[in-house]
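A short write-up of the structure that comes next.
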Number of protein chains: 2
Amino acid sequence: MSNVMPLLAAFERAGHRITSPRLAVANLIAARDGHFAAADLVADARRDRLAIGRATIFRALELLIELGAVERLDLPTGEHAYVSCEPAHHHHVVCSSCGRTSEIDDAGLRAFVDEVARRTGYALESHRLELFGRCPACRSNGAA
Amino acid sequence: MSNVMPLLAAFERAGHRITSPRLAVANLIAARDGHFAAADLVADARRDRLAIGRATIFRALELLIELGAVERLDLPTGEHAYVSCEPAHHHHVVCSSCGRTSEIDDAGLRAFVDEVARRTGYALESHRLELFGRCPACRSNGAA
DNA sequence: TCGCTTGATGATACTGAGTCTCAACACGCG
DNA sequence: CGCGTGTTGAGACTCAGTATCATCAAGCGA
Ligand SMILES: [Zn+2]
Ligand SMILES: [Zn+2]
Ligand SMILES: [Zn+2]
Ligand SMILES: [Zn+2]
């Protein structure tokens with residue numbers, strides 16, 4: 001349910017052509033609500049009778065991840081999932097019921113990261129933070 | 001290079017027998033330095049001429065994860081790795097050079113998590129935080 | 001001690017995500 | 001047109017993790 005433009009912009013910014021398979025993949029991603037697996041996109045493409053190879057979907061996904069327009073999540077179960085998002089550094093709150101995500105700002109975390117670096121002596125390069133819980137919509141929907 | 005005892009204790013605490021295959025797996029894990037993949041344990045077992053089936057290694061690992069004595073990490077590359085650790089909730093700083101980890105306390109993070117819950121309206125259930133960087137030893141070793 | 005029940009094991013087959021290979025294709029440019 | 005480079009798709013492949021199932025061992029009561 002997000003917009004295709006940022007995805008296409010990511011391709012262009014990095015000097016990659018916006019081919020029709022890539023456009024199709026971007027559309028499939030934008031049409032998705034919440035996180036998705038690569039297999040979901042393959043299924044979507046099949047459903048829409050799109051002539052896109054499996055490899056091409058993986059390649060487009062990989063490119064978008066490199067460019068920061070899509071991020072790989074690790075669910076508490078250990079499964080991988082993808083979600084489209086802003087290129088700037090941030091983190092995700094993931095609904096464990098419907099899979100929708102919200103982006104959260106990094107600001108409040110920075111002090112903590114610095115403190116860890118100071119205490120452990122590590123030269124920290126990156127970090128990953130994911131929060132899981134039920135989103136407001138799912139909470140008010142009761143069982144859903 | 002850690003101790004086997006916590007691993008064995010985890011088995012006992014949950015009412016599982018400490019069989020010789022499980023003891024062997026615990027020893028392999030304790031002998032490991034830094035994070036490891038399941039395949040590493042299989043290779044270690046082979047090297048030591050231990051008659052342990054692959055499935056048994058995976059089962060022991062799964063059990064230890066359930067009991068909180070081993071944790072699954074997600075490296076920045078997307079690979080999964082395992083690391084033995086304390087059962088209490090905490091997070092890891094992972095050396096991107098040698099793979100050794102340090103456990104860090106959750107305390108400094110709690111305020112941030114609460115703030116996110118307040119701002120987003122999510123009912124947060126769990127979270128995962130992993131920090132990556134070079135450990136003090138690797139830093140002073142220069143290139144290593 | 002015998003026999004039963006339950007948990008544990010290991011060989012093997014299987015699944016499913018992601019990767020690799022390679023031949024064919026599409027564009028941009030001189 | 002003709003070349004070079006980037007892109008594509010089919011299919012084979014790898015590899016972690018799971019499932020199946022027959023066998024085995026511990027615990028326990030008769
Ligand atoms: Zn939800
Ligand atoms: Zn951050
Ligand atoms: Zn190190
Ligand atoms: Zn925590």
Side-chain angles (χ1 to χ4, degrees), chain A residues 7-8 10-29 32 35-46 48-67 70-83 99, chain B residues 7-8 10-29 32 35-46 48-67 70-83 99:
Chain A
L7 298 169
L8 301 183
F11 281 130
E12 290 213 305
R13 191 177 344 115
H16 294 276
R17 293 193 215 132
I18 298 184
T19 61
S20 96
R22 280 179 185 156
L23 174 58
V25 172
N27 276 319
L28 291 180
I29 292 177
R32 279 264 146 200
H35 55 69
F36 54 89
D40 292 330
L41 297 185
V42 175
D44 290 355
R46 247 186 82 104
D48 296 351
R49 305 281 192 286
L50 299 175
I52 313 177
R54 212 174 79 94
T56 301
I57 293 183
F58 274 94
R59 277 189 289 241
L61 212 39
E62 184 188 20
L63 245 181
L64 290 169
I65 290 173
E66 245 169 59
L67 304 177
V70 166
E71 203 166 296
R72 197 198 318 264
L73 292 184
D74 293 287
L75 306 183
T77 60
E79 297 164 76
H80 283 172
Y82 303 91
V83 64
Chain B
L7 299 170
L8 301 183
F11 281 131
E12 290 213 306
R13 192 176 344 113
H16 293 278
R17 300 206 282 257
I18 297 183
T19 61
S20 93
R22 282 180 183 155
L23 174 58
V25 171
N27 276 318
L28 291 181
I29 292 176
R32 279 264 146 201
H35 54 69
F36 54 90
D40 293 329
L41 297 185
V42 175
D44 290 356
R46 247 186 83 104
D48 296 353
R49 306 279 191 291
L50 299 175
I52 313 178
R54 212 174 80 95
T56 302
I57 293 182
F58 274 93
R59 277 189 290 241
L61 212 39
E62 184 189 21
L63 244 181
L64 289 169
I65 291 172
E66 244 170 62
L67 304 176
V70 166
E71 203 166 298
R72 198 196 319 262
L73 292 184
D74 293 286
L75 305 183
T77 60
E79 300 165 75
H80 283 172
Y82 303 91
V83 63

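Lettering follows sequence order; numbering is per chain, from 1. The basis for the numbers below is simple: all heavy atoms, side chains too, and nothing from hydrogens, waters or symmetry mates.
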*With B/S20 via side-chain hydrogen bond (donor to acceptor under 3.5 Å, both in side chains) - residues at least two apart*: none
*What salt bridge (charged side-chain N to carboxylate O under 4.0 Å, His left out) pairs are there with at least one residue in residues 70-83 of chain A, not counting sequence neighbours?*
A/D74-A/R128
_Covered region of DNA chain D, 5' end to 3' end, by chain A [heavy atoms, under 4.0 Å]_ = D/dG6 to D/dA10
*Interatomic distance, B/I57 atom CD1 to B/L50 atom CG [nearest 0.5 angstrom]*: 8.0 Å
*asked:* Return a single string for nucleotides 6-16 of chain C, one symbol per nucleotide in 5' to 3' order, where B is base contact, S is sugar-phosphate-only contact and - is none, cutoff 4.0 angstrom on heavy atoms.
replied: -BSBBB-----
*Select base, sugar-phosphate, or nothing to describe what B/F11 touches, counting heavy atoms under 4.0 Å on all strands.*
nothing
_Would A/L7 and A/V70 count as a side-chain contact (heavy atoms from CB on, under 4.5 Å) here? Give the steps._
CA-CA 8 Å; A/L7 298 169; A/V70 166; 4.2 Å; yes
*Taking only residues two or more places apart in sequence, or in another chain, which ones meet B/R54 in a side chain to side chain contact (heavy atoms under 4.5 Å, CB included)?*
B/V42, B/F58
*Excluding sequence neighbours, so at least two apart, what forms side chain to side chain contact (heavy atoms under 4.5 Å, CB included) with B/F36?*
B/I29, B/R32, B/D40, B/L41, B/L61, B/Y82
*Can you find a heavy atom in the side chain of A/N27 that is under 4.5 Å from one in the side chain of A/D48?*
no
*List the atom of A/I52, the atom of A/A24, and the distance in Å for their closest heavy-atom pair.*
CD1-CB, 3.3 Å
*Angle of first-five versus last-five pair axes in the helix from C/dT1-D/dA30 to C/dG30-D/dC1, to 10 degrees*: 10°
Exercise answer: donor-acceptor pairs, residues 10-18 of chain A side-chain atoms, under 3.5 Å, sequence neighbours excluded:
none

*What residues form a ring-ring contact (aromatic ring centres under 6.0 Å, His included) with B/H80, not counting sequence neighbours?*
A/H80
*asked:* Can you measure A/F58 atom CZ to C/dG18 atom P for me and round it to whole angstrom units?
replied: 5 Å
